[in-house]
**Q** 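Encoded as structure tokens, here's the structure I'll be asking about.
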There are 2 protein chains.
Amino acid sequence: MRYPASETAEKHERILQTASRLFRRNGFSGVSVGEIMRATGLTHGPFYNHFASKEALMSESMEHASRGSIGAVEKAGESAEDLLAHIDEYVSTKHRDEPEQGCLLASLATEVSREPAVKPALTQHVSTSFSHLAKVWRRSSKKVARREAIHALSSMVGAMVLARAVDDPELSDEILANMREALRQSIQGTVAKRG
Amino acid sequence: MRYPASETAEKHERILQTASRLFRRNGFSGVSVGEIMRATGLTHGPFYNHFASKEALMSESMEHASRGSIGAVEKAGESAEDLLAHIDEYVSTKHRDEPEQGCLLASLATEVSREPAVKPALTQHVSTSFSHLAKVWRRSSKKVARREAIHALSSMVGAMVLARAVDDPELSDEILANMREALRQSIQGTVAKRG
DNA sequence: TGTACATCAGTGAACGCGCGTTCACTGATGTAC
DNA sequence: TGTACATCAGTGAACGCGCGTTCACTGATGTAC
């Protein structure tokens, strides 16, 4: 049957929202189209009224998640204090235990490296993140600022990936606590100096 | 038909070898049992003479890959020079482009975080790696040594994950080059001091 | 304003496919005598 | 040393299952007159 036109866009949005959460929790290959539609409260058939394929949804949901989180990264780039606050949130047990609303790089980057269709969306997100974060080192040279931004973001992603993959809760907590401390030291050291 | 007993152990080893390469290249869910057996030169039936399940193979192949690579990590822990040499190999375009013989953390850690059966093997690998790498900071306190080891390994893994996920070759190269430089700076700074 | 009809998002059964896994069977090897 | 037979890794057809995707159909909505 036909439905009010106004609902279509809203449903599209809800599918994206659900997909981006489920993908971050279980990975692209760990979630079926049917599951996403069921979780959205629809049957699986009309999926193809909204998206050309699962691959297309993967890419769009990545853009959706990026739009939803890039604001926090921008804020983190405003000052060393903002960056340190962002790091404390990012490199936390809460973020480790709740991937579905967390960083898309930590949950999906490895799978994206095997899914060419999703790479452009992720590349955009990474590139923008570096630019935002580099602003923290505005008193240093562009070269140093960029290097430190890359170092910081890579460390955060790597620490989260390892903390989630490890079985031993103590080791996992230790990875996060040490990384927060290491980043704090590193940032306080580099932001102060001129490059 | 029955085959010489001597061949059985050798075939088991070959399956592990093939699996650990294919898993690192395409991920656990990106490789089927049939593909692994075919690549090993066997039919898929006898797989279950060697392994209880695909999950069991995933775990054993992780241990196999760990055994094959932990020596390089041990070597890296011998001195700051050895660590820097290891970093130059690890954070390289060659390693980025050849995941099948590369670091299992960079290729598989995210998937392992959703595969409880494989976590113990990976945890062991991570734990041992930290211990080996921490030796580089033998003149610092245990606490600082461990923190720097965690920082270094997480950065390396994170940089590799991002470099592989990104579409733009220039950005990817830039991530690697900057991370090598950032790690060099960081290690030269911290190894020199006492903690 | 009321009526007739075209639209098209949603429905849900069905498709082909590849997956992990099972199993009755084969036959060279290894062993008992 | 020679023969008879039990062993068991390898064979390959077959299994049930869930996947991504398709499609003939439905019927309330929006539109033409």
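In what follows, every chain begins at residue 1, and chains take the letters A, B, ... in the order their sequences are listed.
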**Q** Between the side chains of Ser154(B) and Ser155(A), is a donor N or O closer than 3.5 angstrom to an acceptor N or O?
**A** no
**Q** Rounded to the Å, how far apart are Met37(B) CE and dG20(C) C1'?
**A** 13 Å
**Q** Could you state the NE2-C1' distance from His50(A) to dG20(D), rounded to the nearest angstrom?
**A** 17 Å
**Q** Take atom CD of Glu10(B) and atom P of dG10(D), then tell me their distance rounded to the nearest Å.
**A** 10 Å
**Q** Side chains of Glu13(A) and Gln17(A): donor-acceptor distance under 3.5 Å anywhere?
**A** no
**Q** Are a donor atom and an acceptor atom from the side chains of Ser59(A) and Glu55(A) found within less than 3.5 Å of each other?
**A** no
**Q** Can you list the stems that DNA chain D is part of, where a stem is at least 3 pairs in a row, each Watson-Crick or G-U, with both distances below 3.5 Å?
**A** C:2-33 with D:2-33
**Q** Using atom CG of Asn49(B) as one end and atom P of dG12(D) as the other, report the distance to the nearest whole Å.
**A** 14 Å
**Q** Looking at Arg96(B) and Asp173(B), is there a salt bridge between them, counting it only when a charged N and a carboxylate O are closer than 4.0 Å?
**A** yes
**Q** For Leu42(A) and dG10(C), what is the distance between atoms CG and P respectively, to the nearest whole Å?
**A** 7 Å
**Q** Would you say Thr43(B) reaches dT11(D)'s phosphate, i.e. side-chain N/O to OP1/OP2 under 4.0 Å?
**A** yes
**Q** Which one, dG10(D), dT11(D), dT22(D), comes nearest to the side chain of Lys11(B)?
**A** dG10(D)
**Q** For the residue pair Glu111(A) / Ser29(A), report whether a side-chain donor-acceptor contact shorter than 3.5 Å exists.
**A** yes
**Q** Would you kindly give the CZ-to-P distance between Phe51(A) and dT22(D), to the nearest whole Å?
**A** 15 Å
**Q** I'd like to know if the side chain of Ser20(A) pairs up with that of Arg24(A) as donor and acceptor (distance under 3.5 Å, no hydrogens or angles considered).
**A** yes
**Q** Can you see whether His12(B) engages Glu60(B) through a side-chain donor-acceptor pair at a distance of less than 3.5 angstrom?
**A** yes
**Q** Write out a two-atom table: protein N or O, nucleotide N or O from nucleotides 16-19 of chain D, distance below 3.5 Å.
**A**
none

**Q** Does the ring pair (Phe, Tyr, Trp, His ring centres under 6.0 Å) test come out yes or no for His86(A) and His132(A), once each step is laid out?
**A** CA-CA 13 Å; His86(A) 180 67; His132(A) 286 322; over 10 Å; no
**Q** Under 3.5 Å, is there any donor-acceptor pair linking the side chain of His44(A) to the base of dA13(C)?
**A** yes
**Q** Select from Phe28(A) and Pro46(A) the residue whose nearest nucleotide in DNA chain D is closer to the 5' end of that strand.
**A** Phe28(A)
**Q** Taking CD from Glu115(A) and P from dG20(D), how many angstroms apart are they, rounded to a whole number?
**A** 12 Å
**Q** Mind calculating the distance between CZ (Phe47(A)) and P (dG10(C)) to the nearest angstrom?
**A** 13 Å
**Q** In Å and rounded to the nearest 0.5 Å, what is the CD1 to NE2 distance from Ile187(A) to His151(A)?
**A** 9.5 Å
